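The next block holds one structure in the form of structure tokens; read it before the comments.
Naming convention: chains lettered A, B, ... in sequence-line order (proteins, then strands); numbering from 1 in each chain. Note that the structure is predicted; figures quoted are calculated from it, not measured.
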2 protein chains.
Amino acid sequence: MSVKTLCLGALSLRDGTGYDIKKLFESAFSHFHSASYGSIYPALKQLQADGLLDCRLEPGAKHPDRKLFSLTGEGRKALVDELTAMPAGEQLRSDFLLLMFFAHLLPTEVLRDKLAQMEAYYEDELSYLKSIADCAEHSAGIAFTIEQGIQVYTAKLGLLRDRREQLLKDHREIPKEWSENSPCTD
Amino acid sequence: MSVKTLCLGALSLRDGTGYDIKKLFESAFSHFHSASYGSIYPALKQLQADGLLDCRLEPGAKHPDRKLFSLTGEGRKALVDELTAMPAGEQLRSDFLLLMFFAHLLPTEVLRDKLAQMEAYYEDELSYLKSIADCAEHSAGIAFTIEQGIQVYTAKLGLLRDRREQLLKDHREIPKEWSENSPCTD
DNA sequence: TTCGAGATATATCAAGTCGATATATTATCG
DNA sequence: CGATAATATATCGACTTGATATATCTCGAA
């Protein structure tokens with residue numbers, strides 16, 4: 001029930017609407033999690049039904065149907081419980097590395113293009129993270145998430161630049177047959 | 001159609017069954033992609049129907065129903081086309097960073113535990129990648145994916161160890177109110 | 001030798017999720 | 001004044017996950 005936990009977390013920072021939560025996922029959380037409206041709205045409905053959220057309607061004023069959610073005491077407890085129970089893990093889904101894995105199948109121009117795309121992406125992420133790193137007083141935990149992002153993107157950017165020429169030069173060499181069931185060791 | 005591309009890619013390395021492909025996703029591809037049987041088998045069926053794969057049955061011999069797939073000429077072309085069309089991107093899904101973001105809500109012991117879990121995970125990944133880095137002659141592209149993994153995990157492990165004591169010491173300080181719509185800049 | 005654990009192999013299902021889309025109001029700016 | 005972007009909720013089909021069922025084969029320990 002990951003999206004539910006994400007919503008509880010978002011609402012522990014401040015009260016908000018489904019739209020606000022989506023915005024948060026696209027900014028502060030964007031490095032390590034995301035969720036679409038199609039999962040956020042059902043999750044909020046469910047959480048409210050479970051008594052973990054309060055919902056007050058704000059009609060008339062500005063927007064119609066503005067549903068402002070806030071955590072209940074139970075909701076805050078549930079958040080802590082879920083965070084505690086959740087195993088610490090991570091998963092990368094990288095189309096870029098897939099592309100590099102099969103780089104020998106691509107024309108040189110295409111490969112050059114992909115590398116340029118990824119370089120631009122890393123630069124953007126890095127400059128965003130650097131811009132937020134030292135302007136506010138983040139908690140130690142939040143500062144950690146930002147610093148990890150900075151170090152990781154810096155490493156990736158450095159490697160990409162170091163290896164670019166070599167990749168473009170070598171990339172048509174056909175890789176060896178993939179060994180029996182996996183490479184090398186097992 | 002990501003899983004289809006993944007399957008075509010896997011079968012470009014060697015012919016294999018759905019099971020073989022799953023194994024490959026759990027070993028060589030595991031750092032940057034994954035897929036479950038529930039998406040692999042339907043994808044193979046579809047690809048075969050589209051004429052991108054051949055399937056020869058291997059009955060009797062050892063296992064029943066062993067369906068050995070191989071790329072057709074069209075399949076190989078489709079793989080190159082899809083790789084070329086695919087934008088170079090990546091996405092991280094990290095429960096660990098979520099946990100760090102909300103570290104101030106957790107008891108110290110729990111936080112210490114999560115850090116230890118993640119440290120062990122990073123160590124495992126790192127030692128696996130190092131073991132395969134220099135034993136075979138990988139293509140430049142494959143070597144790049146391995147080297148990126150090594151550098152990234154090394155950076156993450158270093159940061160985790162550097163910051164652990166400070167995180168455990170500071171973590172009960174309550175973070176500042178999240179600024180209007182996003183932190184700092186925008 | 002036989003017994004069980006684990007690997008090999010295919011397949012399906014409910015539940016959850018994404019990406020796109022529809023709808024409608026409000027804010028902004030030339 | 002009119003166009004474009006932002007705010008806001010909601011839904012839908014298609015896809016994916018994680019679990020589970022089924023069955024055979026392999027190999028080492030009792």
Quick one: is B:Arg93 getting a side-chain N or O under 4.0 Å of the D:dT17 phosphate, OP1 or OP2? no
Can you tell me how far C1' of C:dA9 sits from CZ of B:Arg66, to the nearest Å? 9 Å
Are OP1 or OP2 of D:dT17 and a side-chain N or O of B:Ser39 less than 4.0 angstrom apart? yes
Is the shortest side-chain N/O distance from A:Lys67 to OP1 or OP2 of D:dA10 below 4.0 Å? yes
Between B:Tyr41 and B:Lys45: side-chain donor-acceptor atoms closer than 3.5 Å: no
Hey, which sits more toward the 5' end of DNA chain C by its nearest nucleotide, A:Ala35 or B:Leu68? B:Leu68
Check for me whether the distance between the ring centres of B:His31 and B:Tyr153 falls short of 6.0 Å. yes
I need the CZ-P distance between B:Arg56 and C:dA9, as an integer number of Å. 13 Å
NA contact type, B:Gly38, heavy-atom cut-off 4.0 Å: base, sugar-phosphate, or nothing? base
Taking 4.0 angstrom as the limit, do B:Glu82 and B:Lys4 come out as a salt bridge? no
Under a 3.5 Å cutoff, is there a donor and acceptor pairing between the side chains of A:Asp20 and A:Thr17? yes
Value in whole Å for how far the C1' atom of C:dT10 lies from CG of B:Leu57: 12 Å
Please tell me if A:Tyr41 has a side-chain N or O lying less than 4.0 Å from either OP1 or OP2 of D:dA10. no
From CD of B:Gln48 over to P of C:dT10, roughly how many Å is that when rounded to an integer? 12 Å
Can you tell me if A:Tyr37 touches the phosphate of D:dA10, counting only side-chain N or O atoms and a distance under 4.0 Å to OP1 or OP2? no
Given C:dA9, C:dC18, D:dG18, the nucleotide with the shortest approach to the side chain of B:Ser36: D:dG18
In whole Å, I'd like the distance from the NZ atom of A:Lys22 to the C1' atom of C:dA20. 12 Å
Between P of D:dT16 and CG of B:Leu44, the distance in whole Å: 13 Å
Please report, rounded to the nearest Å, how far the C1' atom of C:dT12 is from the CD1 atom of B:Ile40. 14 Å
Rounded to whole Å, the NZ-P distance (A:Lys23 to D:dA6) equals 8 Å
How would you label the contact of B:Thr17 with the nucleic acid (heavy atoms, under 4.0 Å): base, sugar-phosphate, or nothing? sugar-phosphate
Given the rule in the salt bridge (charged side-chain N to carboxylate O under 4.0 Å, His left out) test, do A:Asp15 and A:Arg56 qualify, once you have shown the distances and angles that lead to the verdict? CA-CA 10 Å; A:Asp15 296 352; A:Arg56 55 184 189 280; 3.6 Å; yes
Taking the side chain of A:Val3 as its heavy atoms from C-beta onward, which of C:dA9, C:dT17, D:dT16 lies nearest to it? C:dT17
Which comes earlier along DNA chain C counting from the 5' end, the contact point of B:Lys45 or that of B:Gln91, where each point is its nearest nucleotide? B:Lys45
